[in-house]
Chemist: 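Pasting in a structure now, in C-alpha cells, and then I'll have a few things to ask.
By convention in this document, chain letters (A, B, ...) are assigned in the order of the sequence lines, proteins followed by strands, and residues within each chain are numbered from 1. Basis for what follows: all heavy atoms, side chains included, without hydrogens, waters or symmetry-related copies.
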There are 2 protein chains.
Amino acid sequence: MRITSSLEYGMRLMAAIAKADGDAPLSAEKLAREENIPLDYTNQILWKLKSAGVISSRRGSSGGYVLARPPHEITLNRIVIALDGSIFEDVCSKYADAPRECHHQSGCSLSPLWRRLGALLTEFFSSTTLEDLIRGEPATARVEFMPPGRPLPMR
Amino acid sequence: MRITSSLEYGMRLMAAIAKADGDAPLSAEKLAREENIPLDYTNQILWKLKSAGVISSRRGSSGGYVLARPPHEITLNRIVIALDGSIFEDVCSKYADAPRECHHQSGCSLSPLWRRLGALLTEFFSSTTLEDLIRGEPATARVEFMPPGRPLPMR
DNA sequence: ATGATACCTGAGTATTTTAGTCAAGTTTTC
DNA sequence: GAAAACTTGACTAAAATACTCAGGTATCAT
C-alpha cells in the first residue's frame, strides 16, 4: 500500500495553510514554491481541496487560500476523500460478477478482512484533525489493536 | 488506498490451500479454476508465495501446493510482503532529496502521520493468521483506535 | 521406460492509474 | 486597466499493475 503523490502533496498543502491560519491567504505560487510541488499540479490539487470544502479562496492580487474552518474541525478523512476519491476501495464489489452480491470464493473468507481493514483506515483518518497534524499529535495517539489472545508467531 | 489484484488473489489462494490443509496438494489448475483467476497469473502468484516460504509444492502428477506450516503459524503480513513487496511504502524516503534525511516540508508534520499509518497496517496484518482468516475471525477482532479525548467533528 | 501431469522461470505486453503539463479563461485588487 | 491570482478542462507522459507467452524441468502412474 502506498500514498499517492496527490495525497502527500495535498496533506502538505493543508498543513501549510493551517499553519498560516488567521494570517493573509497563501497564494498557490507561494505554496508550490515552499512545498516544492509543480505549480500547475498544485493548482489542480488546491482546486480539489476547495471543491471538497476544506479550503476557500480569494481571487485577485493578494488573493490565495485559507482554511474553510478552524483546524480542529477539519478531519483528515475529508482530505483523503477529496484527493483519492475514497479512503479504501471496496474490494468485494470490485470482484463481484453480479451487483450487490459478493463473489469472493473460498466461502468468502476475505470480505470480513477487507471490511475490517477499511474500517480501520477510515477510523484512522477521521480520528485525526488538521490541528493534530500540525501539532505532531498523530505520533502520540495510541492504537490498541486487539487480536484474539494468542502469541503472534512467524513475524 | 486499494488492494492489488495480486494480493486479493493471493489471499484467496492461501485461504483455499489452508482449507484443504492435511488433504492432497491442490494443483494450480484447480485453484485457478475454483477461484476464477487466470491460470498463468495463478502460477506466477503461487511462485511468489512459494518463494516467501508460506507454501510448498510437489511436482509431477498428483502434485500441487500445500501450506508450508500450520495455518495458525502463518501471519498475513508474510503474504502481503510476498505479493506487494511491502506492507506500506515509506513515504518519507520517497520524497527525500538526500538519503537518510526527511525532506518533508511544513516542519515535517507528515512523517509522524505516515509512520503511524504504516505501523497500524503492519500491526493489522501481522496480528492475523491464516487460521483466523479461514475461520472468519478477523471480522470479530476488535480494534481500539485511541485519538486524543475529544468529540470527532465534521465526519 | 515413457508419457502425461504439473511445477518452474523469465521475459514480454497491454491496460490502467498516477503524475504532471498546457492553455485559455475569469475575477479581484491595486 | 493592468497585474496578480484563482478556474477549468483537456491533454500527455510515466509508472505500476495485470496479465500473457513460451520453453523448461521434475515427478508420478502405468
Chemist: When you measure from the side-chain N and O atoms of A:S57 to the phosphate of D:dT7, is any distance below 4.0 Å, counting only OP1 and OP2?
Modeler: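 Yes, because at least one side-chain N or O of A:S57 sits under 4.0 Å from OP1 or OP2 of D:dT7.
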
Chemist: Give the B/S/- string for nucleotides 24-30 of chain D, one per nucleotide from 5' to 3', where a protein heavy atom under 4.0 Å of the base yields B, of only the sugar-phosphate yields S, and otherwise -.
Modeler: BBSBBS-

Chemist: What is the distance from CE of A:M1 to P of D:dA16, rounded to the nearest Å?
Modeler: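 For the pair A:M1 CE and D:dA16 P, the rounded distance is 17 Å.
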
Chemist: List the residues meeting side-chain hydrogen bond (donor to acceptor under 3.5 Å, both in side chains) with A:D90, not counting sequence neighbours, and say none if there are none.
Modeler: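 By the side-chain hydrogen bond (donor to acceptor under 3.5 Å, both in side chains) rule, A:D90 matches A:S93.
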
Chemist: Measure the distance from CG on A:N43 to P on C:dG25 and round it to the nearest whole Å.
Modeler: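 For the pair A:N43 CG and C:dG25 P, the rounded distance is 17 Å.
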
Chemist: Using atom types as modelled and distance alone, determine if a side-chain donor or acceptor of B:D84 lies under 3.5 Å from a backbone N or O of B:I81.
Modeler: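 Answer holds: no.
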
Chemist: Using a cut-off of strictly less than 4.0 Å, decide whether B:K50 has a side-chain nitrogen or oxygen near OP1 or OP2 of C:dC8.
Modeler: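 Result: yes.
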
Chemist: Can you work out whether B:L46 or A:L39 has the more 5'-proximal nearest nucleotide on DNA chain C?
Modeler: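 Nearer the 5' end of the strand: B:L46.
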
Chemist: Taking salt bridge (charged side-chain N to carboxylate O under 4.0 Å, His left out) as the test, write out the residues that go with B:R2, two or more places apart.
Modeler: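 Residues passing salt bridge (charged side-chain N to carboxylate O under 4.0 Å, His left out) with B:R2: A:E89.
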
Chemist: Hey, is the side chain of A:W47 poking within less than 4.0 Å of OP1 or OP2 on D:dT7, counting only N and O atoms?
Modeler: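 It does not, given that no N or O in the side chain of A:W47 lies less than 4.0 Å from OP1 or OP2 of D:dT7.
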
Chemist: Return the value, rounded to whole Å, for the distance between atom CD1 of B:I45 and atom P of C:dT9.
Modeler: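 Going from CD1 in B:I45 over to P in C:dT9 covers 17 Å.
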
Chemist: For the pair made of CD in B:E8 and C1' in D:dT17, what is the distance, rounded to whole Å?
Modeler: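 It works out to 15 Å between those atoms.
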
Chemist: Taking side chain as C-beta onward, heavy atoms only, is A:T75 less than 4.5 Å from A:T128?
Modeler: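 The answer is no, as the side chains (C-beta and beyond) never meet within the 4.5 Å cut-off.
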
Chemist: Between B:I87 and B:M11, is there shared hydrophobic-cluster membership here, with clusters defined by ILVMFWY side-chain heavy atoms closer than 4.5 Å?
Modeler: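 Per the 4.5 Å side-chain linkage, B:I87 and B:M11 are co-clustered.
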
Chemist: Using ring pair (Phe, Tyr, Trp, His ring centres under 6.0 Å) as the criterion, list what pairs up with A:Y9, not counting sequence neighbours.
Modeler: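 Testing A:Y9 for ring pair (Phe, Tyr, Trp, His ring centres under 6.0 Å), a comparison that skips the adjacent residues, returns A:Y41, B:Y95.
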
Chemist: What string of B, S and - do you get for nucleotides 14-20 of chain C, 5' to 3', if B is base contact, S is sugar-phosphate-only contact and - is no contact with any protein heavy atom under 4.0 Å?
Modeler: ----SSB

Chemist: Below 4.5 Å, heavy atoms only, C-beta onward: do A:D21 and A:I17 meet side chain to side chain?
Modeler: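 No, their side chains stay 4.5 Å or more apart.
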
Chemist: Could you check how far NZ of A:K48 sits from P of D:dC6, rounded to whole Å?
Modeler: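 My rounded result for the distance is 18 Å.
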
Chemist: Find the distance A:Y65:OH to D:dA5:P and express it as a whole number of Å.
Modeler: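 A:Y65 atom OH is separated from D:dA5 atom P by 12 Å.
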
Chemist: Are A:F88 and A:L117 side-chain neighbours, meaning at least one heavy-atom pair lies under 4.5 Å?
Modeler: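 The answer is yes; the side chains approach within 4.5 Å.
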
Chemist: Please report the distance, rounded to the nearest Å, between CG in B:D40 and P in C:dA6.
Modeler: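 Rounding to the nearest Å, CG of B:D40 and P of C:dA6 are 15 Å apart.
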
Chemist: Please report the interatomic distance OG(B:S6) to CD(B:Q44), rounded to the nearest 0.5 Å.
Modeler: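 Atom-to-atom, B:S6:OG and B:Q44:CD are 7.0 Å apart.
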
Chemist: Grab the CD1-C1' distance between A:I55 and D:dT7 for me, whole Å please.
Modeler: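 Taking atom C1' of D:dT7 as the reference, CD1 of A:I55 is at 13 Å.
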
Chemist: Please report the end-to-end axis angle for the helix from C:dA1-D:dT30 to C:dC30-D:dG1, five pairs per end, rounded to 10 degrees.
Modeler: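 Answer for the end axes of this duplex: 10°.
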
Chemist: Find out if a path of hydrophobic residues (ILVMFWY) with successive side-chain heavy-atom gaps under 4.5 Å connects B:W47 to B:L49.
Modeler: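 Result: no, two separate clusters.
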
Chemist: Can you tell me how the ring of B:F125 sits relative to the ring of A:W114, calling it parallel under 30°, perpendicular over 60° and tilted otherwise?
Modeler: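 Aromatic pair B:F125/A:W114 classed perpendicular.
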
Chemist: Can a donor-acceptor pair be found, under 3.5 Å and without considering hydrogens, that links the side chain of A:R12 to the backbone of A:E35?
Modeler: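 Flag set: sc A:R12 to bb A:E35 pair under 3.5 Å.
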
